[in-house]
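Counting starts at 1 for both ligands and their atoms, following the listed order. Only heavy atoms go into these numbers, but all of them, side chains included; no hydrogens, no water, no symmetry mates.
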Amino acid sequence: MNKKSFEISVIKTNAPKQKPDVTKGLPFGKIFTDHMFMMEYASEKGWYNPRIVPYAPLTLDPATNSLHYGQLIFEGMKAYKTPQGKINLFRPFENANRLNKSAERLCMPEIDPEITVSAISELLKLDSDWIPTQPGTSMYVRPFMMATDCNIYLPPSETYLFMIILSPVGHLYNNELTPMKILVENEYVRAAKGGTGFAKCAGNYAGAAKAAISAREKGYHQVLWLDAVHRKYIEEVSAMNVFFVIDNIVVTPYSPDSILDGITRNSAIAIIKDWGIPIEERPIAIEELAAAYDAGKVSEVFCTGTAAVISPIGEIGWKEKQMEFGSGKIGALTQKLYDEMTGIQTGERPDRFGWVYDVG
Ligand SMILES: *Cc1c(COP(=O)(O)O)cnc(C)c1O
């Protein structure tokens, strides 16, 4: 199926749900809209039967292969309604391409990015009344793909289901610009070289949960992962990439195999370069960070990811050491980056990089 032969059939719901009262605040990722997109894949046919239907539970055979072996991938992006009433997506082709990178790694079929983006666009247009417009709110878009062969042979499957669901969201945390406390994880690892760390595949997150719980029990919000071989080089935070400002140079880890290549990371790097601020993508050891901290050289630490966009880090715990940054306040560069990035995404600031995709 190519873009030309791609026609989405639409069955509208006859029982629209009650929309949330956004003035009371929106939880993250718990509310879903009236419709969903789905299409199937079979090796002899390719992708077929693209359709938008009322949001409803799936009926799955208990032997559905992905339920057993985790051949499951996903994406996440946000849509905004602009002050002019248009729907914006932020760099959706980057997500569509990354979905294909994840698919390739897990032996799943790729989807023409034009098709992915047009399916997202059609669904957003149909459920556009659900897109919240209060500051800090947006529509989270969740495409995902799963293996659907009904057997318990090892992967890969020969049949797949691709779906898109939409969730109106508020801030990921109550106030995303309140600095987070993160704990360096010394026992568990998230991703090894040669593994699936660069793919957005379901199993990565199941494997990470135990460390997150233990960090929370110690009073931290998230985990900072180290590399799996040396337990030395900083990788990323839960589902966000990490940046440090050391001696007025922005430094972010580089490890293409084991960290997720974040689109927010990528965009932050481009903006920082454009501002003429020096930035380095390179391995950074936790010992280097600690030494720079002791020398008073670390002025800001922040994370990037679709859900929270830019989040300041106020504290990092590493073994017995507690490092505090910015005395409980968001750093100047972190704030500036948050304002610029969200400004571009919502259409309130000029789209200097051509990142905004106009859904219509
Ligand atoms: C999705 C994700 C990110 C952030 O990627 P964005 O494209 O910026 O949303 C970072 N790390 C992990 C592990 C992720 O799953």
Side-chain angles (χ1 to χ4, degrees), residues 28-29 70 72-80 89-103 105-106 113 116-117 120 138-145 167 169 171-173 176 180 182 185 188-193 195-212 215 221-228 233-243 252-272 281 301-311 313 334 337-338 340-342 344-345 353 355-357:
F28 194 91
L72 266 165
I73 56 174
F74 67 94
E75 269 302 324
M77 73 191 87
K78 278 177 170 177
Y80 299 85
L89 280 166
F90 184 69
R91 309 185 78 184
F93 283 91
E94 299 290 319
N95 294 90
N97 288 329
R98 189 171 64 190
L99 180 76
N100 285 345
K101 262 175 77 179
S102 301
R105 178 64 183 82
L106 293 210
T116 307
V117 174
I120 293 166
S138 58
M139 181 70 93
Y140 187 83
V141 181
R142 168 52 58 88
F144 62 104
M145 190 196 297
S167 178
V169 295
H171 288 292
L172 178 58
Y173 314 108
E176 23 198 62
M180 290 191 300
I182 57 178
E185 175 56 53
Y188 301 109
V189 294
R190 191 190 88 91
K193 297 231 179 307
T196 58
F198 68 88
K200 258 182 137 63
C201 62
N204 288 350
Y205 305 84
K210 198 163 167 65
H221 299 100
Q222 310 257 2
V223 160
L224 180 62
W225 295 104
L226 299 180
D227 79 279
Y233 296 101
I234 295 170
E235 300 231 307
E236 60 179 313
V237 175
S238 305
M240 290 187 278
N241 297 113
V242 66
F243 290 72
T252 191
Y254 179 75
S255 174
D257 240 17
S258 53
I259 70 173
L260 203 288
D261 185 12
I263 295 158
T264 321
R265 170 187 187 272
N266 202 290
S267 309
I269 292 172
I271 292 172
I272 290 165
E281 288 179 71
V301 184
F302 61 88
C303 289
T304 62
T306 293
V309 192
I310 307 284
S311 312
I313 303 289
T334 309
L337 206 51
Y338 178 86
E340 178 73 3
M341 194 89 81
T342 53
I344 294 172
Q345 289 171 337
F353 301 91
W355 286 338
V356 172
Y357 178 84

**OP:** Over all heavy atoms of both residues, which pair between Asp227 and Val189 is shortest? Give the atoms and the distance, please.
**Re:** O-CG1, 4.5 Å

Original post:
Does Asn241 reach ligand 1 with a nitrogen or oxygen that is under 3.5 Å from one of the ligand's nitrogen or oxygen atoms?
Top reply: no

Original post:
Is there a heavy atom in Ala239 that sits closer than 4.0 Å to ligand 1?
Top reply: yes

Subject >> Closest candidate by heavy atom, reference atom 11 (N) of ligand 1, pool Met77, Glu236, Glu235 >> reply: Glu236

Original post:
How does Lys200 reach ligand 1, by side chain, by backbone, by both or by neither, if only non-hydrogen atoms under 4.0 Å count?
Top reply: side chain

Original post:
When you check the side-chain N and O atoms of Arg142 and Tyr140, is any donor under 3.5 Å from an acceptor?
Top reply: yes

Original post:
Which heavy-atom pair separates Leu99 from Glu75 by the least distance, and what is that distance?
Top reply: N-OE2, 3.6 Å

Original post:
Going by the order shown, which atoms of ligand 1 are within less than 4.0 Å of some heavy atom of Met240?
Top reply: 10 (C), 11 (N)

Subject >> Closest non-hydrogen atom pair between Pro113 and Asn97, with its separation >> reply: CG-OD1, 3.4 Å

**OP:** Give yes or no for whether the N/O distance cutoff of 3.5 Å, strictly under, is met between Arg98 and ligand 1.
**Re:** yes

**OP:** Check each atom of ligand 1 against the heavy atoms of Gly262 and keep those under 4.0 Å away; list them by number with element.
**Re:** 5 (O), 6 (P), 7 (O), 8 (O)

**OP:** For residues Ala191 and Gly197, report the shortest heavy-atom separation together with the two atoms involved.
**Re:** CB-CA, 3.4 Å

Original post:
Are the aromatic rings of Tyr233 and Tyr254 close, with centres under 6.0 Å apart?
Top reply: no

**OP:** Assign the ring pair Phe243 / Phe302 to parallel, tilted or perpendicular, where the plane angle (0 to 90°) is split at 30° and 60°.
**Re:** parallel

Subject >> Contact check: Ile263 vs ligand 1, nitrogen or oxygen atoms, below 3.5 angstrom >> reply: yes

Original post:
Are any of the N/O atoms in Thr306 less than 3.5 Å from those in ligand 1?
Top reply: yes

Original post:
At a 4.0 Å threshold, what atoms of ligand 1 neighbour a non-hydrogen atom of Tyr205?
Top reply: 13 (C), 14 (C), 15 (O)

**OP:** Indicate yes or no: does an N/O atom of Ser238 lie under 3.5 Å from an N/O atom of ligand 1?
**Re:** no

**OP:** For ligand 1, find out whether one of its N or O atoms is nearer than 3.5 Å to an N or O atom of Arg190.
**Re:** no

Original post:
Can you check whether Val242's main-chain N or O pairs, donor with acceptor, with Thr252's side chain at less than 3.5 Å?
Top reply: yes

Original post:
Which pair of non-hydrogen atoms, one from Ala211 and one from Glu185, has the smallest distance, and what is that distance?
Top reply: CB-OE1, 3.4 Å

**OP:** For atom 8 (O) of ligand 1, find the nearest protein heavy atom and state the residue, atom name and distance (0.1 Å precision).
**Re:** Thr264 OG1, 2.6 Å

